[in-house]
Each structure stands twice: as structure tokens, then as C-alpha cells.
Amino acid sequence: MSVELRPGLIHHPGFLDEAARIRLAGEVSAILAAAPPFTPRMPRTGKPFSVRMGGAGPLCWVSDEAGYRYQPHHPVTGEPWPPIPPTALAAWDQLAPGAPPPEACLINLYGPEARMGLHQDRDEEDFDAPVLSLSLGAAALFRYGGLSRSDPTRSVRLMSGDAVVIGGPSRLAFHGIDRIYREPDLLAQDPLPSLLPPGGRCNLTLRRVTRAHAVT
DNA sequence: AAGTAACA
DNA sequence: AGGC
């Protein structure tokens with residue numbers, strides 16, 4: 001079951017079943033143990049994000065005073081990023097059929113107070129492949145708009161196990177996270193990656209960064 | 001610049 | 001501009 005929120009922006013509620021959520025949480029925990037979460041900072045001002053980030057893949061996105069960029073090594077340890085978790089790769093194969101393999105798996109870690117301001121994913125060279133988002137843990141209010149910051153926006157609640165595909169005419173659509181929901185009754189429903197605050201949310205975003213080479 | 005403040 |  002899927003819902004087209006706007007052309008090219010597809011919500012797949014409950015895409016990951018319980019077994020897949022548990023498996024993915026374990027894979028993410030192993031990644032974060034090897035490549036610890038870091039706090040990204042705003043370009044120029046150095047203002048820290050409220051979201052902490054981990055990463056996997058040949059390239060991953062980082063942000064600091066010098067700007068936004070993709071780089072092959074962890075910004076603190078200098079080590080290469082761990083491989084993208086297999087459960088996330090399987091979701092890419094299913095939800096982004098025909099796209100070249102993802103190179104970046106950004107792991108956004110939200111505490112109950114974390115937010116992500118409205119933004120575009122535009123630091124990639126390849127805008128043909130979609131961005132794939134996978135949610136674990138606490139529910140969140142996702143807001144999406146159009147290709148201009150001033151375009152009207154709508155909101156939808158994302159739950160643990162949901163997938164969102166941001167592609168086609170919505171590949172550069174503005175989007176963000178306005179709030180994390182606290183749901184005491186459901187706190188124990190899902191195991192979450194270690195190093196995540198209680199009541200938190202973990203979101204994986206998979207992206208193709210470089211242009212795929214033509215096959216000869 | 002994925003940040004925030006102020007507002008109805 | 002939407003959420004709170």
C-alpha cells in the first residue's frame with residue numbers, strides 16, 4: 001500500500017514489518033558502534049543541529065563551518081564509513097527499481113526535542129535517482145512542500161517502518177521534520193539503535209551521489 | 001546552506 | 001509557512 005503525497009513523493013506506510021525493523025535496528029546499532037554519531041553544524045555560523053547523525057556507504061553527507069558536502073570518511077574518526085546495511089539496500093532495490101546503487105546512507109538520530117528545518121536534498125550530482133527514507137522508532141511529523149521555499153506545504157505523520165520515496169518531479173521538493181511524537185504506550189514496541197535517546201527516532205536516507213557510468 | 005525568531 |  002502506498003500514497004502519492006504529490007507527484008514523485010510516495011509514502012509507504014508500514015513498509016518494514018516487525019522482523020525487518022528489528023533486523024535493521026541491529027544493523028544500525030553495529031554501524032553506530034563502529035562509526036559514532038556526530039553533531040553536524042551549520043555552514044559559516046557553526047550552530048549545531050538538534051539532530052545527531054551517523055553514516056554508512058562509500059560516501060556520506062556531513063556539514064560543518066566549511067559547508068555541506070559528501071566525503072568518504074567519518075568527520076571525527078577519519079575512518080571510512082561502514083557499508084550500507086543490507087536491509088536498507090533491499091528496500092532500495094524494491095522502491096527504487098532501476099536506479100543505480102545508493103552511495104550514501106545518512107542516519108539521522110532524533111531525540112524527542114530534535115527537529116529538521118525545511119530543506120532540499122541538492123548536494124548530489126545525480127538528481128535522477130530518488131532519495132529513500134526509512135523510519136524507525138518514535139513517530140514524527142513530516143512536512144513537505146514544492147520546489148520553492150515559499151510554496152505551500154502539507155504534513156503527514158511517519159511511523160516506525162514507514163518508507164518515503166522522494167523522486168521524479170519531487171526530487172528537489174522542500175521537506176523537513178517538525179516534531180517527534182512521544183507515545184508512552186508504545187515505547188517498548190521497537191528496539192532502537194543504541195546511542196539513541198529514549199523516545200527517539202532514527203531515520204535512514206539512501207542517496208545516489210555521483211552519476212552512474214554508462215555500461216558499454 | 002538542513003539554523004532561528006516572531007507571529008496569529 | 002506550518003506548528004504549537
Side-chain angles (χ1 to χ4, degrees), chain A residues 3 5-6 8-9 11 28 32 35-57 59-71 74-76 81 102-127 129-159 162-167 170-184 196-197 199-210:
Chain A
V3 182
L5 302 174
R6 51 166 279 141
L9 181 42
H11 181 203
V28 170
L32 297 180
F38 58 96
T39 300
R41 303 184 301 278
M42 287 294 285
R44 294 194 294 277
T45 65
K47 178 116 183 138
F49 288 29
S50 59
V51 171
R52 299 218 303 156
M53 293 182 175
L59 290 170
C60 202
W61 189 87
V62 299
S63 178
D64 59 21
E65 283 82 345
Y68 300 158
R69 63 193 176 277
Y70 282 93
Q71 65 180 39
H74 190 283
V76 177
W81 303 102
E103 295 168 301
C105 176
L106 188 60
I107 301 171
N108 288 334
L109 302 170
Y110 293 80
E113 305 302 314
R115 306 283 182 262
M116 180 69 78
L118 215 56
H119 68 280
Q120 294 171 297
D121 287 22
R122 54 178 299 171
D123 299 313
E124 303 76 28
E125 298 170 0
D126 185 325
F127 295 144
V131 173
L132 170 62
S133 155
L134 299 172
S135 295
L136 289 177
L141 188 61
F142 176 76
R143 184 154 63 102
Y144 58 93
L147 305 186
S148 301
R149 184 175 285 279
S150 56
D151 287 344
T153 61
R154 305 182 79 178
S155 296
V156 65
R157 188 172 172 133
L158 299 183
M159 313 269 291
D162 287 7
V164 176
V165 177
I166 303 175
S170 290
R171 175 61 181 76
L172 293 174
F174 278 85
H175 60 281
I177 292 292
D178 277 342
R179 81 177 219 105
I180 302 298
Y181 290 102
R182 185 143 254 298
E183 295 159 295
L196 188 63
R201 169 177 186 258
C202 174
N203 183 69
L204 282 69
T205 51
L206 296 163
R207 300 184 186 84
R208 180 71 193 191
V209 179
T210 66

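In what follows, chains are A, B, ... by sequence order, proteins preceding strands, each numbered from 1.
- In this structure, A:R69 places its CZ atom where more than 12 heavy-atom neighbours from other residues, nucleotides or ligands lie under 6.0 Å away.
- Base engagement by A:R44 is indicated by at least one non-hydrogen atom pair under 4.0 Å involving a base atom.
- Contacts of A:S150 with the nucleic acid, taken as non-hydrogen atoms under 4.0 Å apart, involve only primed sugar atoms and P, OP1 or OP2.
- In this structure, CZ of A:F174 is placed 19 Å from C1' of C:dG3, rounded to the nearest angstrom.
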Starting from the C-alpha separation in whole Å, work towards a yes-or-no answer on ring-ring contact (aromatic ring centres under 6.0 Å, His included) for A:H119 and A:F174. CA-CA 5 Å; A:H119 68 280; A:F174 278 85; 8.1 Å; no
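- A donor atom on one side chain and an acceptor atom on the other are not found under 3.5 Å apart for A:S135 and A:D162.
- Counting any heavy atom pair closer than 4.0 Å across all strands shown, A:Y68 reaches a base atom.
- With a cutoff of under 4.0 Å to any heavy atom of chain A, the contacted region of DNA chain B is bounded 5' to 3' by B:dA1 to B:dT4.
- Looking at A:M53 and A:P37, their side chains never come closer than 4.5 Å, going by heavy atoms from C-beta outward.
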With salt bridge (charged side-chain N to carboxylate O under 4.0 Å, His left out) as the test, would you mind laying out the steps for A:R41 and A:E65 before giving the verdict? CA-CA 7 Å; A:R41 303 184 301 278; A:E65 283 82 345; 2.8 Å; yes
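- Within the nucleic acid shown, A:G67 comes within 4.0 Å of at least one base atom, counting heavy atoms only.
- There is no side-chain donor-acceptor pair under 3.5 Å between A:S50 and A:R115.
- Residue A:T153 is in sugar-phosphate contact alone, with no base atom involved, counting any heavy-atom pair closer than 4.0 Å across all strands shown.
- When the nearest nucleotides of DNA chain C are assigned to A:R115 and A:L118 by heavy-atom distance, the more 5′-ward of the two goes with A:L118.
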